[in-house]
Amino acid sequence: MKIPSFESTGSGASGSGSGSRSFNLRNLSKLILPPLGGLQAGYSQSPAGSYKRVVSPLDSRYRCWETFMVVLVAYSAWVYPFEVAFMNASPKGGLEVADIVVDLFFAVDIVLTFFVAYIDSRTQLLVRDRKRITFRYLSTFFILDVASTIPFQGLAYLATGEVKEGVAYSVLGIFRLWRLRKVKQFFTRLEKDIRFSYFWVRCARLIAVTLFLVHCAGCLYYLIADRYPEREKTWIGAVIPNFRQSSLWIRYISSIYWSITTMTTVGYGDLHAQNNVEMIFNIFYMLFNLGLTSYLIGNMTNLVVEGTRRTMEFRNSIRAASNFVCRNHLPPRLQQQILAYMCLKFRAESLNQQQLMDQLPNSICKSICEHLFLPVVKDVYLFKEVSRETLLLLVTKTKPEYIPPKEDVIVLGEAADDVYIVVSGEVDIIRLDGEGKREELVVGTLGPKDIFGEVSALSDRPQSFTFRTRTLSQLLRLKQATLKEAMHSKTEDSVVIIKNFLNHQMEVHDMKVEDLLGENTAELDGGNIPCNLLTVAATGNSSFLEDLLKAGMDPDVGDSKGRTALHIAAANGYEDCVQVLLRHACNVNIKDAQGNTALWQAIAARHHKVFSVLYSVARATCPHAGGDLLCLAARRGDVDTLAELLKHGLDVDAAGHDGATALRVALSSSSQGGRRAADVARFLVMNGASVDKARVHEDDGATRPTTVLPLEELRELEKRREVVHPITIYDSPAADVVARVVGGGSNPSGDGRQGRFSSTRSSDSGHWPRVSVYRGHPFVRNHGSEAGKLINLPSTMAELKAVIEKKFKVDAEKALVVNDEGAEIESVDVIRDNDRLFIVTQEHMRILASLDSVAAAS
């Protein structure tokens, strides 16, 4: 007998085919894991001579042979009970020939098994040693396989020359049912094969088991009736007296019918047991059916319930959410958002995307993210021309999310934590418009490959807009820390990202490079220092500005119009950028081509906080800073700016660097003649300017210079101011315009300005010191902490604590007042103008103590 020639396709422990064959889904069911640390002797890597002509059980051709044998097993298992019951164990005609052919195929399979490798149940490795294969087969299944293949009736016929019938030959034929183990192995393999649906394979297995048992029981029912002495007293004889004369089809259908009705215990009463033998068989058959029915129902229930379990849980969660909304009287819009989010979450979880990603190794996740998200991320404006390594680092750290319509992804004022990239859908950009109702206004819409949240994330500022989904959107969420980590890991990519960000900001804010940099319109790159520094200041990105200054860039570099970064930041009111530039020792007194300093830019744009910060620094470096500002405003005839300067406490008689006061400049400036200059002079006089200090006449009687107002009118204005006319007081920074009617009497200060309020706490201008007070210890505050309060500094510590208690609703007596360095302040005499104070309660002290404990333990 010739053995079919099968070439083993397994190599090593994998058995997944030769090197020329590509890996596919079919190979997944053939994988064998190698042992840790290497292969063991006697297993998949044996000496070459020991496994020649050995067939791998994972070979596709051998799998086809096994499938063909399963078909023959199914035929053999069906025909044996049928032949015993309906043909007295003696097949006739075609069945006899078919039985002989089937037995020959099983004989071939027995011989082939001696050449088939096997998987060791203990080590799960492929054994390909011929000796071990032979010994294992001879000691396990060989005897039963031979017994199920021997044609006992054929051998008896050859020995005696006649066909033998009887119980002995029927019992020996039971060995054929041993072949059913191949069917069990076949279905087990199909259940693990991912190419086939587990549900349908399992259902097919249950149906096959049920039909085979019904067939066997039907054949036994007929065998009992056919062998019973009184055939009319049998279940079929009571209905069909001469049932032996009936056709084979009628007898078989009747047997199967009663077998099914008995197994399902429905029993219609037309067929029932007529004798004791049938009753005994029914007893055991129905007891057996109890276990069989439980097995079938349990498996089918498990398959069905597993498919509907998540749906039932989802409906229960929706019902709970609806009850929660009704119980708490939530508005309809919020109810819709809750239900939409839960529905979308159910749909997303049914795909098992995130669970799958969490189970996979980083290398596979990286490849998946590269395939899915890299085409989107590389087209985002912020990451154009960024290296592939940085892009891969970013996409592997992103997390895809599905957001339902009308959902707020980022809310106005939130801390900068995440950056979002739109993969699909639309997102609205919303800002609040109006002072009363604060109506929402859609200022733009983002689509695929757009990004939002990057401005706040890069500059460490609260969000300036609300971003709300318009349609169902798929977003990629990227942590702020991840973005900055990627930028710091590769400097050249950080420069590219900065360049892209600045270019986009100029486009969004309609800023022109010519307007920003004058004639310098060079491309943004690391070598063009003015372009980088000034553009960063123009966008208000204090974080980038800090990085550039730390890299050694000159903070005082200017453009062709003489404007420095401080000019631009002050004009736009970017206090954070101003603070950064001041920390890096920029010059606050530099003038641009039009003679404007950063102080003038700040006060002209009415950025009072920025002006206060700059003025406190300018006074320390230039004693005439206040006088120069007043003189410049007077020279330009800008009454409104003069009023703003006086609100900040500047002395109206402060002299500039040339010794002239603002009133003298207004009176003697020939370029400002006419009504405008006269209005400035009148404004200054009525707000306390001294005519004598303006030196509008010579003490020696010489001819006085030409002025826009005669001296007599100036003296008249002084008298009107000192007697009954209201005086506008600008000294208090907390007040806007305060009117005060002054009576007669002399000026206690002796300066001729009756009724002008002046504080003795300022050394040069009568300016009342101001301080910023914050809640919490300075060491534990961050950008998201509660905003502070800007107050006038009282004259005593008790008054300061009273103000703090009123502003912050805390018990100031039990709290500490500390400075930026955490030192306790016990007297107001050590507090300077524009200092930052912190009110620390007992609760803050406990938090700080716990942090110290954690740090000490680590």
Side-chain angles (χ1 to χ4, degrees), residues 1-34 39 42-77 98 100-121 124-138 140-142 145-146 148-149 178-197 201 204-205 208:
M1 183 179 300
K2 184 177 180 180
I3 302 175
S5 176
F6 289 97
E7 180 184 356
S8 173
T9 60
S11 178
S14 62
S16 57
S18 61
S20 61
R21 297 185 181 181
S22 60
F23 186 80
N24 52 37
L25 289 178
R26 180 177 299 179
N27 300 114
L28 292 177
S29 60
K30 304 178 182 180
L31 291 177
I32 300 177
L33 299 179
L39 301 176
Y43 294 98
S44 47
Q45 290 282 356
S46 298
S50 62
Y51 57 84
K52 288 183 178 180
R53 301 184 64 84
V54 172
V55 179
S56 171
L58 308 178
D59 187 274
S60 299
R61 291 168 292 181
Y62 182 73
R63 287 285 177 87
C64 293
W65 171 262
E66 281 190 318
T67 304
F68 174 68
M69 295 304 298
V70 168
V71 176
L72 298 183
V73 169
Y75 165 80
S76 149
I100 295 174
V101 173
V102 169
D103 289 339
L104 290 177
F105 275 106
F106 278 107
V108 172
D109 185 68
I110 291 174
V111 177
L112 180 62
T113 305
F114 284 100
F115 298 89
V116 178
Y118 69 93
I119 298 176
D120 191 288
S121 59
Q124 295 299 312
L125 296 176
L126 190 64
V127 179
R128 306 176 67 185
D129 189 348
R130 284 282 302 276
K131 293 182 179 180
R132 301 185 62 175
I133 294 172
T134 303
F135 176 78
R136 173 180 176 271
Y137 185 47
L138 290 176
T140 53
F141 305 136
F142 174 73
D145 286 346
V146 172
S148 64
T149 306
W178 166 252
R179 302 169 180 173
L180 287 175
R181 65 184 179 89
K182 291 184 177 291
V183 179
K184 176 181 177 297
Q185 294 171 355
F186 173 74
F187 278 110
T188 301
R189 190 175 73 244
L190 288 184
E191 289 175 357
K192 297 178 182 179
D193 197 328
I194 62 175
R195 296 174 296 166
F196 303 100
S197 169
V201 170
R205 181 173 185 169

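These numbers were taken from a predicted model, which means no experiment stands behind them.
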Q) Of all heavy-atom pairs between A117 and V127, which one has the smallest distance, and what is that distance? A) CB-O, 3.0 Å

(Q) With side-chain contact (heavy atoms from CB on, under 4.5 Å) as the criterion, how do V108 and W65 come out once you've worked through the C-alpha distance, each side chain's angles and the decisive distance to 0.1 Å? (A) CA-CA 11 Å; V108 172; W65 171 262; 4.0 Å; yes

Q | Non-hydrogen side-chain atoms of L126 and P57 separated by less than 4.5 Å | A | yes

Q | Derivation of the side-chain contact (heavy atoms from CB on, under 4.5 Å) call for Y62 and L112 | A | CA-CA 10 Å; Y62 182 73; L112 180 62; 3.8 Å; yes

Q: Determine the interplanar angle of the W178 and F141 rings, folded into 0 to 90°, and report it as parallel if under 30°, tilted if 30 to 60°, perpendicular if over 60°.
A: tilted

**Q.** Interatomic distance, R179 atom CZ to F106 atom CZ [nearest 0.5 angstrom]
**A.** 4.5 Å

**Q.** Close side-chain approach of T188 and R205, heavy atoms under 4.5 Å
**A.** yes

(Q) Any carboxylate oxygen within less than 4.0 angstrom of a Lys/Arg side-chain nitrogen, looking at D59 and R61? (A) yes

Q. Is it the case that more than 12 heavy atoms not belonging to Y75 sit under 6.0 Å from its OH atom?
A. yes

(Q) Could you check whether any side-chain heavy atom of R132 comes within less than 4.5 Å of a side-chain heavy atom of D120, counting everything from C-beta outward? (A) yes

Q: Please tell me if the side chains of D109 and K182 come closer than 4.5 Å, counting only heavy atoms from C-beta onward.
A: yes

Q) In Å and rounded to the nearest 0.5 Å, what is the CZ to CZ distance from R189 to R63? A) 4.5 Å

Q | Distance, nearest 0.5 Å, that separates OG1 of T113 from OH of Y118 | A | 13.5 Å

Q: Answer yes or no: is there a side-chain heavy-atom contact under 4.5 Å between T67 and F186?
A: yes

**Q.** Backbone N/O of D145 and side chain of T149: donor-acceptor pair under 3.5 Å
**A.** yes

**Q.** F115 backbone acceptor or donor facing R53 side chain under 3.5 Å
**A.** no

Q. Would you call the rings of F105 and F68 parallel, tilted or perpendicular if under 30° counts as parallel and over 60° as perpendicular?
A. perpendicular

**Q.** Residue list, side-chain contact (heavy atoms from CB on, under 4.5 Å) with A77, at least two apart or on another chain
**A.** L177, L180, F212

